[in-house]
Amino acid sequence: MSERQIELEVLRYRPEMDDKPFFQTYSVPCQEEWVVLDALNYVKDEMDRTLSYRWSCHMFVCGSCGMAINGEPKLACKAFLRDYQTKIRIEPLSNFPIERDLVIVQDDFIEKLESVKPYIIPKQEKPIDQGEYLQTPAQLKAYKQYSMCINCLLCYSACPQYALEEKFIGPAALALAHRYNMDSRDVGRSAREHVVASHDGIWACSFVGACSQVCPKDVDPAGAIQQVKFTSAVDYLTSFLPGGKR
Amino acid sequence: MARSAKAVPWFLFAAGGTVIAFILPVMIFITGIAPAIGLFGDALSYETMHAFVGNWLIKLILLGIIVLAAWHAAHRLRVCAHDFGIRADGAVSIVVYGLAAIASAATVVALLMI
Amino acid sequence: MSRKPYHREVSKTTWFLKQSRYQHYMLHEISSVFVAIYVGVLIVGLFRLAQGPEAWSGWLAAVTSPIGVIFHILVFIFSIIHTTSWFKAVPQAMRIQRGEEIVPGNLIIGAHYGVWAVVSVVVLLVAGVA
Ligand code: SF4
């Protein structure tokens, strides 16, 4: 197996001693088949134990290792070194405050995620001994794509409207709202509507589409949001008709 | 949080965007490019055009296209203003939607005059 | 331990210069400027048509003047940018499910291009060009 020397330029920020972030370069002996996360792990294990970053599964499932690699939001476990030149620039995901080094502050997203009630709201709760809520494969297909989200936040980092309007609920949370709205077992659409169809919800999206381009799970949040715009617009207009829901 | 009234102009934006995606290129070609290269001969002469636009069906179609195009452009201009850093969304809305309303009314008047 | 998160600023006026995908987005957003002006030109044309042969030929002269031609070429280019970017986005905004299958996006886009071609030819025929 061949080895390659890679220059990792990593944005560092140590809140207890730094006023602002700075780049630190590590020259890392890398194996051909490594991903960026492997190189970071090598730095952590062999060169500099003070470097902080999040990771867990190493296989695009946990959504922890999102970072900007050469300016592009990526999962570090999915960014193969063979696709990069010798110099790789690594920064924490943009559009989020930096907690430390490559670790970002996620609180804002977590709050927004909670605000869209991302769980099934059934018509009637039933006790477990009455069995599961049944669903056909076609009903599953209707929302499955939007359920693949791993909360990695690459989409927020790619979204210029989130960068410009910090109140924007944002791609993943809105896509997850859509995921539950589309679920045949769920009746929570109107309970989510007041957040989802508000000024800071879907209507703050101008369909740049960057979220869907960077999503590692092909969730297509941009598409989800446009679909919600359509149903919400119909809801809104029909709410003025006799018998419409206000 | 309240539901946003942006739903209404968005509907016009989406409908207009779809209609003009199909129709505008060929219309621009006919009204703006073909005459310059003399492609049509008499098709754009006063008599032909007056008779053509005089047809009530053509009037209705033109009205639909122009009104939807105006509202589509107005809503997108509002978004554009935001994207260029203008944060006075209320004032921008009044201007762009106001212009679209004037354009719609003017189209009706012009068509009735023909 | 006290926290001290570091906030990075984003320019509200030049953010779109940073990435080519943002630039593409701005390009199709800006098409609205040209569509708006073109709508104005059309409305003026309708008024001129109502006012009689002389007014109409004045409008035609303006349209075929060098500035008129340059403007219309620009509008034409932006209208194509609008059409292509709009069609590209349709499968995202309009997902069609048949049973357990989602209709492939390229099929939807292809259908749109087909209809676009038919509409264009029909309009040309009606206008008496072809
Ligand atoms: S929608 Fe995609 S990019 Fe956004 S958090 Fe979910 S998996 Fe990540």
Side-chain angles (χ1 to χ4, degrees), chain A residues 11 13-21 71-73 91-101 103-105 107 136-146 158-166 178 182 206-214 220-230, chain C residues 1-36 78-79 81-112:
Chain A
L11 195 69
Y13 174 64
R14 299 156 301 178
E16 67 283 1
M17 50 204 293
D18 302 329
D19 280 330
K20 56 183 198 317
E72 177 81 354
E91 296 158 88
L93 285 177
S94 54
N95 300 349
F96 291 96
I98 306 174
E99 182 79 59
R100 166 186 297 275
D101 294 342
V103 176
I104 52 158
V105 182
D107 305 5
T136 67
Q139 288 170 328
L140 169 68
K141 187 77 185 179
Y143 69 83
K144 178 142 187 237
Q145 177 181 14
Y146 309 114
C159 174
Q161 300 302 356
Y162 180 61
L164 297 170
E165 298 293 341
E166 55 182 354
H178 187 52
M182 298 287 281
S206 62
F207 203 173
V208 178
C211 52
S212 298
Q213 289 169 6
V214 300
D220 191 10
I225 291 173
Q226 309 322 305
Q227 293 165 36
V228 179
K229 280 182 188 171
F230 186 81
Chain C
M1 206 178 77
S2 72
R3 291 168 64 180
K4 196 180 92 187
Y6 183 83
H7 293 262
R8 291 165 287 178
E9 288 302 320
V10 174
S11 160
K12 291 213 182 326
T13 47
T14 57
W15 57 271
F16 49 86
L17 300 174
K18 277 199 344 205
Q19 275 190 31
S20 67
R21 57 168 78 96
Y22 298 163
Q23 290 164 13
H24 284 136
Y25 160 77
M26 282 310 250
L27 201 62
H28 69 239
E29 289 300 286
I30 286 169
S31 71
S32 59
V33 175
F34 292 86
V35 170
F78 273 98
S79 76
I81 291 173
H82 168 75
T83 300
T84 49
S85 60
W86 194 270
F87 286 175
K88 194 168 146 229
V90 167
Q92 286 180 277
M94 193 182 73
R95 227 167 56 125
I96 304 173
Q97 187 175 351
R98 286 246 169 79
E100 289 169 36
E101 297 303 322
I102 305 289
V103 175
N106 283 337
L107 206 69
I108 299 175
I109 295 176
H112 276 74

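Values below: all heavy atoms of this structure, side chains included; hydrogens, waters and symmetry mates excluded.
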Heavy-atom contacts under 4.5 Å, residues 12-22 of chain C to chain A:
C:K12, C:W15, C:Q19, C:R21, C:Y22
Between A:I104, A:D18, A:V208, which shows the greatest number of heavy-atom pairs under 4.5 Å with chain C?
A:V208
Indicate the atoms forming the closest heavy-atom contact of A:Y13 with C:P5, along with that distance.
OH-C, 4.2 Å
Quick one: does C:I81's side chain get under 4.5 Å of C:L27's, heavy atoms only?
yes
Closest non-hydrogen contact found for C:R95 with A:K141 is NH2-O, 3.7 Å
What part of A:K229 gets within 4.5 angstrom of chain C, counting heavy atoms only: side chain, backbone, both, or neither?
neither
Heavy-atom pairs under 4.5 Å with chain C - which of A:V228, A:V103, A:I98, A:I225 has more of them than the others?
A:I98
Given A:Q227, A:Q213, A:Q226, the one with more heavy-atom pairs under 4.5 angstrom with chain C than any other is A:Q227
Looking at C:R8, C:H7, C:H28, which makes the most heavy-atom pairs under 4.5 Å with chain A?
C:R8
Heavy-atom count check: over 12 atoms from other residues, nucleotides or ligands less than 6.0 Å from A:E166 CD?
no
Which atoms of A:F230 come close to chain C, meaning under 4.5 Å heavy atom to heavy atom: side chain ones, backbone ones, both, or neither?
neither
What residue in A:L140, A:D220, A:D19, A:T136 has the most heavy-atom pairs under 4.5 Å with chain C?
A:D220
So, A:F96 versus C:Y6, ring centres under 6.0 angstrom or not?
no
Side-chain (A:S212) to main-chain (A:A222) donor-acceptor, under 3.5 angstrom:
yes
Which heavy-atom pair separates A:S206 from C:Y25 by the least distance, and what is that distance?
OG-OH, 2.6 Å
Using every non-hydrogen atom in the two residues, find where A:A158 and A:N95 come nearest and quote the distance to one decimal.
N-ND2, 4.4 Å
Heavy-atom nearest pair, A:D101 first then A:P92, reads O-CG, 3.4 Å
Which one of A:P137, A:G71, A:A163 has the most heavy-atom pairs closer than 4.5 Å to chain C?
A:P137
